[in-house]
Amino acid sequence: MLPTLADVLDLDAVRRGQPHVVAGADRLGNLVRWVHVAEVTDIAHLLHGGELVLTTGIALPDEPERLRAYIGELADVGVSGLMIELGRRYAEELPPALLAAAEDHGLPVVMLAHEPAFVDITESVHARIVQDQFAELRASERLHEIFTRLSVEGASTDEVVRQVAALGGRPVVLENLSHQVLAADADGRDPSELLSAWETRSRAVRPGLRTGYDEASGWLVTTVGARGEDWGRLIITLGAPPSPRETVLIERAATTLALGRLLDRHAESLERQAHGTIIARILEHSYSDPKEAAARARALGVPLSGRRLLGVVVRTRGVVQPAEVSELAEAAAAACKEARLAALVGVLDEGGPDARVGVLASLPARADAETALTAVATGIRRHSDGVMATGSVVESIRDVRRSFLEAEQVADVACRSSDDRLFYRLPDLRLRGLLHLLRDDARIQTFVERELGPLLEYDAERGGDLTRILRLYLDAGRNKAVAAQLAHLSRPAFYERLRRIERVLSADLDDVESCVSLHVALLALNSLRQERP
């Protein structure tokens, strides 16, 4: 970054000359690229712009017209300023014609009342220029190292945006082409204020270049994308024209984001990531104020304030596969859009054994939840075999966690159910749901051991399958013929297994109450083991 003329005036070598700005005082922000000592008047054709011209004025003409021409030529080539020493040519003041011409052309003129050593000034300014350029080079190198590391480590979108905010010390927002916020870091400021009416404000900002500064908003904006496919914009809210370092920062960050998207071809979309982050943080109570969650969701096009909210969980059956969960999330998002249901849709606990899709549905006051859920579940069924479970409708963001916990519990049971409902609620699960909710209760665990303990020990010691035979018998409504067929055993062999079970448990399998108690214990055992019946 080059020093300004004001920076040059603060240098000790210049201050010793007792400088006084006598023209163009409003242009002290001119950048000084170099310092040139010149006594001749026809010097302009040797300059390239940005120079600070030093002179004693010894060769300057007396005629006002020629002085005006001299100043005009310097201004035309874009010199940053003219510094004239008193004593050799001018004793106490500079010619009025020169000063008037400088004001007309907007050229700063500095009068040095005390004779300085020009060599000291040139050395001092040039050292400052080289020092600043070296510092800028070091800063650029550091940015390169930071964002290269983020790329190699596969940093998330949120991590990259957070790093930009930390390095720039200003709020940062990543949005998609629809001006919906994918990630944001307010850098310690109020997120609600940063994201308020975001889409409207963002649509009004069109810098015209791939990277550009919008003076009206004070935003530095760069397009994010690669291989001719742009998918978003990265924005730093500066409030003042950017420095070269800030421009490098935003462009390097945009490259990292674009590269991350190209490399991570199997990951969920950025929109799903953004939605999932908000849901997860709501469930973890990470937002200090529900208004922040509402502001972030609204910036993604999902209003949460003044709405009826509903937690929904969609799970795959059997062992969780990351690719299946990502596809299920996209299917759920597409189904919500088809049903015109405003909702946040993202993957929760991504990459883990409990990965599932979370949907935070936002319902208008008079909307029918049953109709909306049916439409979404129908849309999901067209693309996958996922199990959809829902919690209760709540009225505020603070209660969303309760709705999701209920949906989680329902989903745990429903994914092991043989029913084929479009979606499940707690009342749909009946006894299985109750036992699942109580599965961590020591009294339920004691009941299971009391009813089935001897049979479980018998199977464990002998490698038997009597517990499975008992389950088939009770699931078949105590119909021995059907149960034998399900067990792939002859009737005599199956009857012998039942008699053995009666001996081990000291129970009568013809007694209805005994069978009910054993069936409840088996259902509870399923919940404890988290296995399918």
Side-chain angles (χ1 to χ4, degrees), residues 1-133 135-136 215 240-241 243-244:
M1 183 177 179
L2 296 173
T4 64
L5 185 56
D7 294 330
V8 170
L9 294 177
D10 281 337
L11 296 175
D12 289 340
V14 177
R15 292 170 65 86
R16 285 196 292 270
Q18 299 177 14
H20 298 280
V21 180
V22 292
D26 59 335
R27 302 297 179 93
L28 297 185
N30 288 353
L31 297 179
V32 178
R33 186 180 60 83
W34 205 244
V35 178
H36 197 88
V37 179
E39 298 294 352
V40 296
T41 57
D42 58 340
I43 189 64
H45 68 284
L46 300 176
L47 304 177
H48 300 288
E51 294 92 350
L52 172 61
V53 177
L54 302 184
T55 182
T56 62
I58 192 69
L60 292 183
D62 294 324
E63 298 84 357
E65 293 79 7
R66 293 180 62 190
L67 284 175
R68 284 194 288 269
Y70 170 67
I71 293 297
E73 291 173 357
L74 293 180
D76 288 343
V77 297
V79 299
S80 59
L82 175 64
M83 191 172 286
I84 303 176
E85 172 194 320
L86 295 182
R88 306 262 182 135
R89 179 72 168 80
Y90 305 112
E92 297 181 354
E93 59 181 20
L94 301 180
L98 183 147
L99 298 181
E103 288 290 355
D104 291 341
H105 288 280
L107 176 66
V109 176
V110 179
M111 182 179 68
L112 299 175
H114 179 73
E115 179 179 348
F118 279 0
V119 66
D120 291 341
I121 293 178
T122 56
E123 285 184 351
S124 181
V125 175
H126 291 167
R128 170 66 185 271
I129 292 172
V130 173
Q131 179 182 2
D132 287 350
Q133 290 178 339
E136 196 66 27
E215 293 186 1
S243 66

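Just so it is clear, the structure is predicted and the values come from calculations on it, not from any experiment. FYI, side chains are in, hydrogens and waters are out, and symmetry mates aren't considered; it's all heavy atoms of this structure.
In this structure, the side chains of V79 and L52 stay at 4.5 Å or more apart for every pair of heavy atoms. Side-chain contact between D7 and R128: present, with at least one pair of heavy atoms (C-beta onward) separated by less than 4.5 Å. For the pair V32 and L2, the minimum side-chain heavy-atom distance is 4.5 Å or more. With a 4.5 Å cut-off on side-chain heavy atoms, V22 and L94 count as touching. Counting only heavy atoms from C-beta outward, the side chains of L74 and D76 never approach each other to under 4.5 Å.
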Test side-chain contact (heavy atoms from CB on, under 4.5 Å) on F118 and T56; report intermediate values, then the result. CA-CA 10 Å; F118 279 0; T56 62; 4.1 Å; yes

Could you go through M111 and V21, starting from their C-alpha distance and side-chain angles, then the distance that decides it, and tell me whether this counts as side-chain contact (heavy atoms from CB on, under 4.5 Å)? CA-CA 6 Å; M111 182 179 68; V21 180; over 6 Å; no

Let me check something: any side-chain donor-acceptor pairs from residues 80-88 under 3.5 Å, sequence neighbours excluded? List them with distances.
{"unit_1": "S80", "atom_1": "OG", "unit_2": "E51", "atom_2": "O", "d": "3.0"}
{"unit_1": "R88", "atom_1": "NH2", "unit_2": "E115", "atom_2": "OE2", "d": "3.3"}

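Within the model, atoms CG of L60 and OH of Y90 stand 4.0 Å from one another, a figure rounded to the nearest 0.5 Å. For the atom pair L112 CG and R15 CZ, the distance stands at 13.0 Å (nearest 0.5 Å). From H105, atom NE2 reaches atom CD1 of I71 across 8.0 Å, with rounding to the nearest 0.5 Å. With rounding to the nearest 0.5 angstrom, the CG atom of N30 is 8.5 Å from the OG1 atom of T4. Once rounded to the nearest 0.5 Å, the distance linking OG1 of T55 with CD of E39 reads 3.5 Å.
Listed here is the closest heavy atom pair of L67 and P95: CD1-CB, 3.7 Å. When all heavy atoms are compared, the tightest approach of L5 to P108 is CD2-CB, 3.5 Å. Closest heavy-atom contact between Y70 and T41: CD1-O, 3.4 Å.
Applying the side-chain contact (heavy atoms from CB on, under 4.5 Å) criterion to A113, with sequence neighbours excluded, gives Q18, H20. With sequence neighbours excluded, no residue forms a ring pair (Phe, Tyr, Trp, His ring centres under 6.0 Å) with H36. In this structure, D26 has no side-chain contact (heavy atoms from CB on, under 4.5 Å) partners at least two apart in sequence or on a different chain. Partners of R68 according to the side-chain contact (heavy atoms from CB on, under 4.5 Å) rule, which considers only residues two or more places apart in sequence or in another chain, are P64, E65, A97, A101.
Although no hydrogens or angles enter the test, the distance criterion places no donor-acceptor pair under 3.5 Å between the side chain of S124 and the main chain of I121.
Annotation: salt bridge (charged side-chain N to carboxylate O under 4.0 Å, His left out) contacts involving residues 91-111, sequence neighbours excluded, are absent.
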